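In what follows, a single structure is set out as structure tokens and then discussed.
Quantities reported herein were computed from a predicted structural model and do not represent experimental measurements. Numbers restart at 1 for each chain; the letters A, B, ... are given by sequence-line order, proteins then strands.
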There are 2 protein chains.
Amino acid sequence: MEVKLASAYGFCFGVKRAIEIAEEHRNAATLGPLIHNQNEIDRLRNNFNVNLYETLDEVKNNDTVIIRTHGIPRKDLKDLKAKDVKVINATCPFVTTPQQIVKKMTQEGYCVVIFGDKEHPEVKGVMSYGDDNVTCVLKASELEDIIFKKDKIATVAQTTRKKEEYLEIVNYLIIKYKEVRVFNTICDATFENQDAARKLSKEVDVMVIIGGKNSSNTKQLYMICAENTTSYLVEDENDLDPDWFKEKKLCGVSAGASTPDWIIQNVVAKLKEF
Amino acid sequence: MEVKLASAYGFCFGVKRAIEIAEEHRNAATLGPLIHNQNEIDRLRNNFNVNLYETLDEVKNNDTVIIRTHGIPRKDLKDLKAKDVKVINATCPFVTTPQQIVKKMTQEGYCVVIFGDKEHPEVKGVMSYGDDNVTCVLKASELEDIIFKKDKIATVAQTTRKKEEYLEIVNYLIIKYKEVRVFNTICDATFENQDAARKLSKEVDVMVIIGGKNSSNTKQLYMICAENTTSYLVEDENDLDPDWFKEKKLCGVSAGASTPDWIIQNVVAKLKEF
């Protein structure tokens, strides 16, 4: 059977970069899981002795500590740097950008609106670069009761949000305030994987989506593909059932944003045997 | 018959202010007509000897020259100031604002997009405060072929444009560029008159709209009211026909943006006699 990979799949730029950084720092520890994939965390521990700390308290003298792609709140970074440790910052550059924008806009006297989930680690980090004039919302309607102290608003978005929803929020502000400085900090990676999977699923006889069964972005890829063709969700090559591919000539493959490349390669190799 | 004025009608803030300025400067001349209403221009000439120059060439030494609400291009202002004249700037503050924004944003290295009609005197003036990086459009589709030299865009709007159309343009830019600095320079005056006329026309037996028969904003007021009640368009009290008001108990009154208050008062006085 012929196998065709989607034109975009798996890790985004920031995660690929963070894993390369981890591989370059044997015996280091990441603060929080580097990626939502246990196989990859195990591989980093087994092959590179990269360990995992859940909290700052676990950090010991002389440690090398890797900050993950989401970034961390400003105070945590300061506390970490105050310790006798080497800090390796693997914060995704697409996350560093909104952090720095919030810092600069706060300094310049803007009220800042962040479009995102205030409980998400990325947003917690971004928020921490502002002051009391930072507001975090998920919907324009949440802005209705807020009276901003200034007529100058700056906006940033959590990198994984939808642009259409961001526009609803900024449009609400543009109508009401004299100046709205809109920074488009949304990263296209998630949507590129979805668009590529959608396109490929229309061309093939069957689709295989690789990713954790608890991964919401993997499930979303599966649902997109299932609209167009018979689709299967697998965690690795061991989940593949030869019966699925009887009389199939072309199999498409996509993978969730936390699926490592080596798992994808194993799946593709086995599919080609069918 | 009872007469009720709309809650907003006639001159906007900027025009009222410009006329007061003209009245305070006897023997001055305006550069271009101060208002699109011949009665008012005649009144200023007859009562205050305020004259009208169509071009800069007509300006003579020792003249006092009044710049009208729309403003003038930067170079014209410079040329005027170089002459031996006293310059009185009656540019509406709501027009000075976008002029200054275009100047500042150009200095700060932004590409500037103006939403407006590039042939309109106000827009010509606003554009003149920028450089080659200023673009003027009326629709988002006009932006498709433009490649901006920078990833930072600032936007302003002609004061009389519709907010919904401005949002279409800024939304197009927000999706494509990293930073879009949106200045809401639209003035609500035109829409306040329309909203007030619409509301009043639903309450009354008959509406009278006062304004020049060539004035597009007066005609628009007439059409809005005619949807709700019998409506008449008059230039002054001489156009009123008593037959229109037979058996009518409550007459609503609105006026176009270039209709002077003294004409409105004359019409209202005559209506009350019916």
For this session: Quick one: do A:Asn171 and B:Asn171 satisfy side chain to side chain contact (heavy atoms under 4.5 Å, CB included)? Show the steps, please.
Result: CA-CA 8 Å; A:Asn171 285 351; B:Asn171 285 350; 2.7 Å; yes

Problem set entry | Working for side chain to side chain contact (heavy atoms under 4.5 Å, CB included), residues A:Val170 and B:Val170 | CA-CA 10 Å; A:Val170 300; B:Val170 301; over 6 Å; no

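Within a 6.0 Å sphere centred on NZ of B:Lys139, heavy atoms belonging to other residues, nucleotides or ligands number 12 at most. Around atom NZ of A:Lys4, no more than 12 heavy atoms belonging to other residues, nucleotides or ligands sit under 6.0 Å away.
Note: B:Arg181 leads B:Arg181, B:Lys152, B:Lys163 in heavy-atom pairs under 4.5 Å with chain A. Most heavy-atom pairs under 4.5 Å with chain B, from the set A:Ile186, A:Thr97, A:Ile174: that is A:Ile174.
Rounded to the nearest 0.5 Å, atoms CD1 (B:Ile101) and NZ (A:Lys178) are 9.0 Å apart. For the atom pair CG of A:Leu167 and CG of B:Leu167, the computed distance is 9.5 Å after rounding to the nearest 0.5 Å.
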